[in-house]
Chemist: 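Sharing a structure below in C-alpha cells format, with a few things to ask.
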Amino acid sequence: MKNERFKHSWYEDIFGILTGSILLGVGISILNAGDILTGGTVGLALLLCQYFNISLGVMYVLISIPFFAIGIWKKGLVFSLRSLVNILLVSYIVDLIPRYIDINISNDLFASIAANTVLGIGLLAIFRHNSSLGGFGVVALIFQEKLKIQAGYVQAALDLIVLLTGLNVYSFSAVASSLVGVVILNGILVLNHRDDRYVGSSK
C-alpha cells in the first residue's frame, strides 16, 4: 500500500528551512574552523577560500549562482527560489557565527564526523521542505538524464575531485578525515532521504 502524502503548511516550511539553514551554518563553521574539507559546493567554497581573500559566505554565494540558474531550468522556479533563500541564509550564518562563537578544533577526525553529521541532518531538513543548497546535485541529475550515468556516482566523483584537489592545500590527514566525513554525510542522506519512509511534501 502506497503511503499517503501530507502537505506541509507554510509555517512548517519556514521553520524547517530555518532549522536546516542554522544546522548547515554550524556544520560548515566547524569545518572552516578546523581547516577540514567536505564535498559539494560547500567543499569547493572552503577550498577556494584558501586561494582568495574572500569570506566563506560570499564565496559560497558566488559559486552557487551558476548552479541556481541550472536549478531553475531543471527543477522549476519555486524549488530554485527556496534553494536561493537557503543559500543566502547559510552564507549569512556562516559569516555571522565567528562573531559570537569561538570554535577550537583539536581533533580533525572527530570534528569532521561531528560537522558532517550536523550537515546531513541540516540537508534532510531542507530537502523535506522542497528546498536544497543547489550545487553538484543538479549537475549529477543532468548527467543521469542525458548520459544515463547514475546521479549518485556523479556526485561521488565530483566530491572526490574536490577532496583530491584539497591535497594541494590541506594536509593528508585533514583530507583523510574529510573523506570519512563525506562518507558519513552521504550515508545519512541515503538511509533517511527516502520517499517510502517520509511522506511529508511541500509545493
Chemist: Restricting to non-hydrogen atoms, name the atom on Ser80 and the atom on Gly76 that form the minimum distance, rounded to 0.1 Å.
Modeler: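 Closest heavy-atom pair between Ser80 and Gly76: OG-O, 2.7 Å.
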Chemist: Is a donor on one side and an acceptor on the other found under 3.5 Å between the side chain of Ser91 and the backbone of Gly57?
Modeler: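 Judged by distance alone, yes, a pair lies under 3.5 Å.
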Chemist: Tell me, do Leu44 and Tyr60 make a side-chain contact under 4.5 Å, heavy atoms counted?
Modeler: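 Side chain of Leu44 against side chain of Tyr60, heavy atoms only: no contact under 4.5 Å found.
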Chemist: Kindly compute the distance separating CD1 (Ile65) from CG (Leu84), expressed to the nearest 0.5 Å.
Modeler: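 Result: 9.0 Å between the selected atoms.
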Chemist: Could you tell me if the side chain of Asp13 sits less than 4.5 Å from the side chain of Arg82, heavy atoms only?
Modeler: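 Counting from C-beta outward, Arg82 and Asp13 do come under 4.5 Å.
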Chemist: What do you reckon, is CG of Asp102 surrounded by more than 12 foreign heavy atoms closer than 6.0 Å?
Modeler: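 For Asp102, atom CG is not crowded (no more than 12 foreign heavy atoms under 6.0 Å).
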Chemist: Which distance, rounded to the nearest 0.5 Å, do you find between the CG of Leu163 and the OG1 of Thr165?
Modeler: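 Those atoms lie 8.5 Å apart.
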Chemist: Quick one: does any side-chain atom of Asp108 pair with a main-chain N or O of Ser177 as donor and acceptor, under 3.5 Å?
Modeler: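 Side chain of Asp108 to backbone of Ser177, a donor-acceptor pair under 3.5 Å: no, none is there.
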Chemist: At their closest point, which heavy atom of Met59 faces which heavy atom of Cys49, and how far apart are they?
Modeler: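 Scanning both residues completely, I find the closest heavy atoms to be CB-SG, 3.7 Å.
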Chemist: Would you say the side chain of Ser178 lies within less than 4.5 Å of the side chain of Thr38, judging by non-hydrogen atoms?
Modeler: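 In short, these two side chains do not touch, never coming nearer than 4.5 Å.
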Chemist: Spell out, yes or no, whether Leu81 and Phe15 are grouped together once hydrophobic residues are joined by side-chain heavy atoms under 4.5 Å, including indirect joins.
Modeler: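 Shared cluster, no.
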Chemist: Please confirm whether the backbone N or O of Arg128 pairs with a side-chain atom of His8, one donor and one acceptor, at under 3.5 Å?
Modeler: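 Yes.
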Chemist: Which heavy atom in Ala125 sits nearest to a heavy atom in Gly16, and how many Å separate them?
Modeler: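 Distance-wise, the nearest heavy atoms are CB-O, 3.9 Å.
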Chemist: Given the rule in the side-chain contact (heavy atoms from CB on, under 4.5 Å) test, do Asn116 and Ser112 qualify, once you have shown the distances and angles that lead to the verdict?
Modeler: CA-CA 6 Å; Asn116 281 282; Ser112 181; 3.4 Å; yes
Chemist: Nearest 0.5 Å, what's the CG-OG1 distance between Leu158 and Thr41?
Modeler: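 Here the interatomic distance stands at 10.5 Å.
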Chemist: Look only at the side chain of Glu12 and the backbone of Ser9, and say whether a donor-acceptor pair between them is shorter than 3.5 Å.
Modeler: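 Looks like yes, one N/O pair under 3.5 Å.
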Chemist: Distance from Leu24 atom CG to Ile28 atom CD1, nearest 0.5 Å?
Modeler: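 One finds 6.0 Å between CG of Leu24 and CD1 of Ile28.
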Chemist: Kindly check if the number of other-residue, nucleotide or ligand heavy atoms within 6.0 Å of OH (Tyr11) is above 12?
Modeler: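 Counting other residues, nucleotides and ligands, OH of Tyr11 stays at 12 neighbours or fewer.
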Chemist: Taking the side chain as C-beta and beyond, is there a heavy-atom pair between Tyr92 and Ile87 under 4.5 Å?
Modeler: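 The answer is no; the side chains never approach within 4.5 Å.
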Chemist: Only one of Leu119, Leu124, Leu123, Val118 forms a side chain to side chain contact (heavy atoms under 4.5 Å, CB included) with Ile188, so which one is it?
Modeler: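 The side chain to side chain contact (heavy atoms under 4.5 Å, CB included) with Ile188 is passed solely by Leu124 among Leu119, Leu124, Leu123, Val118.
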Chemist: Nearest 0.5 Å please: distance from the CG atom of Leu62 over to the CG atom of Leu48.
Modeler: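 Answer rounded to 0.5 Å: 10.0 Å.
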Chemist: Please identify which of these residues, Ile54, Leu56, Val61, meets the side chain to side chain contact (heavy atoms under 4.5 Å, CB included) condition with Val58.
Modeler: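 Only one option passes, and that is Ile54.
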Chemist: If I compare all heavy atoms of Asp159 with all of Gly40, which pair ends up nearest, and what's the gap?
Modeler: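 Nearest heavy atoms, Asp159 then Gly40: OD1-N, 2.7 Å.
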Chemist: Applying side-chain contact (heavy atoms from CB on, under 4.5 Å) to Ile30 and Asn32, what does each step give before you reach the verdict?
Modeler: CA-CA 5 Å; Ile30 294 173; Asn32 192 35; over 6 Å; no
Chemist: Which heavy-atom pair separates Gly39 from Val182 by the least distance, and what is that distance?
Modeler: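 Shortest heavy-atom separation between Gly39 and Val182 comes out as N-CG2, 3.5 Å.
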Chemist: Are Ser21 and Ile93 close enough, and set up right, to give a side-chain contact (heavy atoms from CB on, under 4.5 Å), and what steps lead you there?
Modeler: CA-CA 8 Å; Ser21 296; Ile93 292 168; 4.2 Å; yes
Chemist: Taking all non-hydrogen atoms of both residues into account, name the closest pair between Phe110 and Asn107 and its distance.
Modeler: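 So the two residues come closest at N-OD1, 2.8 Å.
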Chemist: Kindly compute the distance separating CG (Leu189) from CD1 (Ile121), expressed to the nearest 0.5 Å.
Modeler: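 Between Leu189 CG and Ile121 CD1, I get 9.0 Å after rounding to 0.5 Å.
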Chemist: Within a strict 4.5 Å, meaning less than it, do heavy atoms of the Leu46 and Tyr170 side chains meet?
Modeler: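 Yes, at least one pair of side-chain atoms sits under 4.5 Å.
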Chemist: Tell me, with the steps shown, if Leu179 and Val175 meet side-chain contact (heavy atoms from CB on, under 4.5 Å).
Modeler: CA-CA 6 Å; Leu179 178 59; Val175 173; 5.7 Å; no
Chemist: Are Leu31 and Leu37 packed together at the side-chain level, in the sense that at least one heavy-atom pair is separated by less than 4.5 angstrom?
Modeler: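 With C-beta onward as the side chain, the pair stays apart.
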